[in-house]
K.L.:
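Before I ask anything, here is the structure I am working with.
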Amino acid sequence: MDEKSNAAVTVSFLALILLFFTITDLLDSDRLYSETENRMLATKPAFSWEAVWDGSYMEDYEAYVTDQFVARDTWVELKTRGDILMQKKEINGVYLAKDDYLIEQHKPGNISQEQVDKKVALLEKLVDKYGAKVMLVPTADNILTDKLPFQAVYYDQRAFLNQVADAIGEENLIDVYHTLKEHSDEAIYYRTDHHWTSLGAYYGYLEWNKYMGGTAIETFNISGMMAVTEEFLGTLHSKINLPHEADSIQIFPETLHHYPTITYDFGTRTHSYYEKKYLDTKNKYGYFLDDNHAFIEIETGYRRGRELVLIKDSYANCLVPLLANHYDKIYVVDLRYYNGTLAGLIDGYFTPQTDVLVLYDCIHFIEDFQYY
Amino acid sequence: MVFSSVLFLFRFLPIFMILYFATFLCPAARRMRNIILFLGSLFFYAWGEPVYVVLLLFSTFSDYAHGRVIDRVRNRKIAKVLLISSIIINLGVLGFFKYADFVIGIVNQVAGVQIPLLELPLPIGISFYTFQTMSYTIDVYRGKAKVQKNLLDFGVFVTMFPQLIAGPIVRYTDVQEDLRDRHESIEDVSYGCRRFCVGLAKKVLLANNLGLLWEETVALEPGNLSMLMAWVGILAYAFQIYFDFSGYSDMAIGLGAIMGFRFPENFNYPYISTSITEFWRRWHMSLGQWFRDYVYIPLGGNRKGAGRQMLNILLVWMLTGIWHGAGWNFLLWGLWFAFFLILEKILLGELLSYFPKIFGFCYTVLVVLSGWVIFAIEDVGSIFGYLRAMLGMGSMGIYDGQALYLVKEYGILLLVAAVASAPLGKLITSKLERSGKSGAIAARRLLEKIIPALLLLASIAYIVDASYNPFLYFRF
């Protein structure tokens, strides 16, 4: 073969690669949602001359073409494999930690003291006005430190919790940091998801119970825990998106004997804390309390003479079944979805028999805790 | 539009190339090549700058007209007036959009007044295309370039998308024949395709990922940098800007070659230099040559005595500095190099020649890396904080946990970058070439298909999942 033909082969080969993906991309239909990335994908922007003039049309169009590119998931996986080949231990904000753990990264630099101060001040108001108790759960990076990559950085939640204790008074903070640390060699966090497991929540519950005076009526048996699925690949897995050993979601079967009446957002009514339909989807953690709702009213079916207003994020979803037996009614508010004023809501339910509990993981508290 | 995007690679590029090469189907259509290239380039530019495309056209037309008239009135006094008019218009446009706020800021500070800033966004590529059009008019005046009477061909010279937004600074004389009569050969197309893939990989695989390491470094206050962190950070930046910029030049040169243009080389392995003088012969060569031919030599160069030469060097490197951005740090950056260039002229250059080359290399690395600190950090106070950390005088000591973590995280990438910035690939191909054995030729032919293809596929993966794909030249 002479140089000319050789050059022609090279050109055709490289041009075909580009053309192949161009054509398959043009033929490929658009998706609204990426299940593996767990986010909405950009869609085709509407054309208007104003949008062209200010450049927003081109920006949106570019985001659209990139998000909808053919075989996007495969490309993303290829990139991740490239990063792993380069021995990276941190991919898309997730540490590839030891023992097959994926641990979400929270860099100290991304959290400002000013933001923390603001959130703590909001919390202080609730404590002062309603005698709210507070449980802020440290995330896995602070507890499973032995599993983190060499010298990996993390936002120090111990120091943060000390600041909270100083602000609201130690007596109002149910501090689960220590107990989780003690059990850090057990499966208290999912390996592929940012939540704590039912077991982690159970240790949190024990701490809460001790704090409330040790009134537990019901005992939960760790060795009797029951797996509802063995195929859970959570949010952290979505960010890495490589084959990974799945997690099992476990519950305490004792809670299945309850007969609560649960009303979601003043509408749908059910009689279980658990929604089986989520086990067939990617979002299996939604099994607990039907994923996320702005407001949930739970009549527990028990007569304990007390009620609870629970202001929470999704960490609470697997803890609620354990708390149920202590209350007649539990009102659950998720401030990320709730549009009204919090004071209006609490005042509507508040009686001398009402406890108020704020339950978040530390990071979501700092990022999301907000009310009006 | 940037080259390292899905939109460019899978929409603009294939559609453009199909239209462009469709003109080869019949001889009568060949004149259409330049129309397609011109309109394609305007679309390419307008995609990112829907308003400033008008400025680009104005600049094009202005120098076209100046060139025409200067050619008519050659050897008369009026020709010089027109030359000055062209330079004033070019520098006026550049000055207004790029330096007005910088000057207003100085005036406000010195005079204690409160003139409001204009806060105009900088038109992309303005520093490149104003320099190109200016060089045309000057060369026509000097009789070095033939006047271009065809507005379309001249428009192609200025706006041609491969080199429009990030260089190389193609001079009119580089391409004046190619504009009308270019002979695309399949070997050139093959070379261009391969060069493009290599450039894309340099930008996407190396520069973008090293940029993440630099981002981690600058996220820290200079006072919180350990010595190790400071060195690793600036090393990452040095590689980032080199692979980003030279990758862009490779892509430009490659796209040019596909269409039969020969653009000047812009980088020649600058990081193997053993003196600053050599570094500037290897770094952003088209800019260095521009300043040499249109500023340094007209000022007298080295022909008017040593004192005058020093002054010329100082002036040229101050201009080189602020060409990169309207800020004190860029001026300081230029002065930093001027200092070492002058030092090498009077003393150091000769001194270095007595020592093994490794000394010159280490000295150059030190000067260049410290230079990048000045270049990359806009706040002059922080520059000194950073340099103090590099000297181990910061409060964080020699090393800290984060630095160790990042070294482990990016160690291999830094190693790959170091190898890639040395002329290793060039060495291997020329070895294979020279051996002349049929096995060596077969190996070379195979590698020149496989390697660009793999680089292309890997680059696509990193572009599709692009959380970080900056355009570094928005200040140029």
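Please read all numbers here as calculations on a predicted model, not as lab measurements. Below, chains carry the letters A, B, ... as their sequence lines are ordered, and counting in each starts from 1.
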K.L.:
Compare all side-chain heavy atoms of A:Thr10 with those of B:Arg445 and state whether any distance is below 4.5 angstrom.
P.N.:
no
K.L.:
For the candidates B:Arg194, B:Glu448, B:Arg11, B:Lys408, which exhibits the highest count of non-hydrogen atom pairs separated by less than 4.5 Å from chain A?
P.N.:
B:Arg11
K.L.:
Give the member of A:Gly55, A:Gly82, A:Pro149, A:Ala152 that has the highest number of heavy-atom pairs under 4.5 Å with chain B.
P.N.:
A:Ala152
K.L.:
What are the two closest heavy atoms between B:Ala46 and A:Met58, and how far apart are they?
P.N.:
O-CE, 3.5 Å
K.L.:
Can you tell me how far CE of B:Met17 sits from CG of A:Leu18, rounded to the nearest 0.5 angstrom?
P.N.:
10.0 Å
K.L.:
Is A:Gln87 reaching over with its side chain to a backbone N or O of B:Glu409, donor-acceptor style, under 3.5 angstrom?
P.N.:
no
K.L.:
Picking from A:Thr74, A:Leu85, A:Leu26, A:Val52, which has the most non-hydrogen pairs under 4.5 angstrom with chain B?
P.N.:
A:Leu26
K.L.:
State the CD-NZ distance between B:Glu216 and A:Lys107, to the nearest 0.5 angstrom.
P.N.:
3.5 Å
K.L.:
Contact part of B:Leu457 toward chain A, heavy-atom cut-off under 4.5 Å: side chain, backbone, both or neither?
P.N.:
both
K.L.:
For B:Glu221, is the CD atom crowded, meaning more than 12 foreign heavy atoms sit under 6.0 Å from it?
P.N.:
no
K.L.:
So do A:Trp75 and B:Tyr462 actually touch side chain to side chain, heavy atoms under 4.5 Å?
P.N.:
no
K.L.:
In terms of heavy-atom pairs under 4.5 Å, which option from B:Phe8, B:Phe196, B:Tyr405, B:Tyr191 contacts chain A the most?
P.N.:
B:Tyr405
K.L.:
Would the number of heavy atoms belonging to other residues, nucleotides or ligands and lying under 6.0 Å from CD of A:Gln113 be above 12?
P.N.:
yes
K.L.:
Before accepting this row, confirm whether a basic side-chain N of the pair A:Lys4/B:Glu187 lies closer than 4.0 Å to the acidic partner's carboxylate O.
P.N.:
yes
K.L.:
Are the side chains of B:Tyr410 and A:Met86 in contact, using a 4.5 Å heavy-atom criterion?
P.N.:
no
K.L.:
Where on A:Leu19 is there a heavy atom nearer than 4.5 Å to chain B: the side chain, the backbone, both, or neither?
P.N.:
side chain
K.L.:
Describe, in one word, how the ring planes of A:Phe21 and B:Phe10 are oriented to each other, choosing from parallel (under 30°), tilted (30 to 60°) and perpendicular (over 60°).
P.N.:
perpendicular
K.L.:
Check each atom of A:Phe150 against the heavy atoms of chain B and say whether the ones under 4.5 Å are side chain, backbone, both or neither.
P.N.:
both
K.L.:
Above 12 or not: heavy atoms from other molecules or residues under 6.0 Å from OH of B:Tyr20?
P.N.:
yes
K.L.:
Go through the side-chain N and O atoms of B:Asn209 and A:Lys88 and say whether any donor and acceptor fall under 3.5 Å apart.
P.N.:
no
K.L.:
With only heavy atoms counted, which part of A:Asn110 is less than 4.5 Å from chain B, the side chain, the backbone, both or neither?
P.N.:
neither
K.L.:
Rounded to the nearest 0.5 Å, what's the gap from CD1 on B:Ile18 to OG1 on A:Thr22? Could you check?
P.N.:
8.0 Å
K.L.:
With the threshold set at 4.0 Å, does a side-chain nitrogen-carboxylate oxygen contact exist between A:Glu3 and B:Arg444?
P.N.:
yes
K.L.:
To the nearest 0.5 Å, what is the distance between CG on B:Asp465 and OG1 on A:Thr80?
P.N.:
6.5 Å
K.L.:
Examine whether an atom of B:Ala219 lies under 4.5 Å from a heavy atom of chain A, and if so say whether it belongs to the side chain, the backbone or both; otherwise answer neither.
P.N.:
neither
K.L.:
Would you tell me whether B:Asp400 and A:Gln151 have side-chain atoms, one donor and one acceptor, within less than 3.5 Å of each other?
P.N.:
no
K.L.:
Between A:Leu14 and B:Pro452, is there a side-chain heavy-atom distance shorter than 4.5 Å?
P.N.:
yes
K.L.:
Around atom CG of A:Leu27, are there more than 12 heavy atoms from other residues, nucleotides or ligands closer than 6.0 Å?
P.N.:
yes
K.L.:
For the interface with chain A, which of B:Leu205, B:Leu7, B:Val464, B:Ile412 has the highest count of heavy-atom pairs at distances below 4.5 Å?
P.N.:
B:Val464
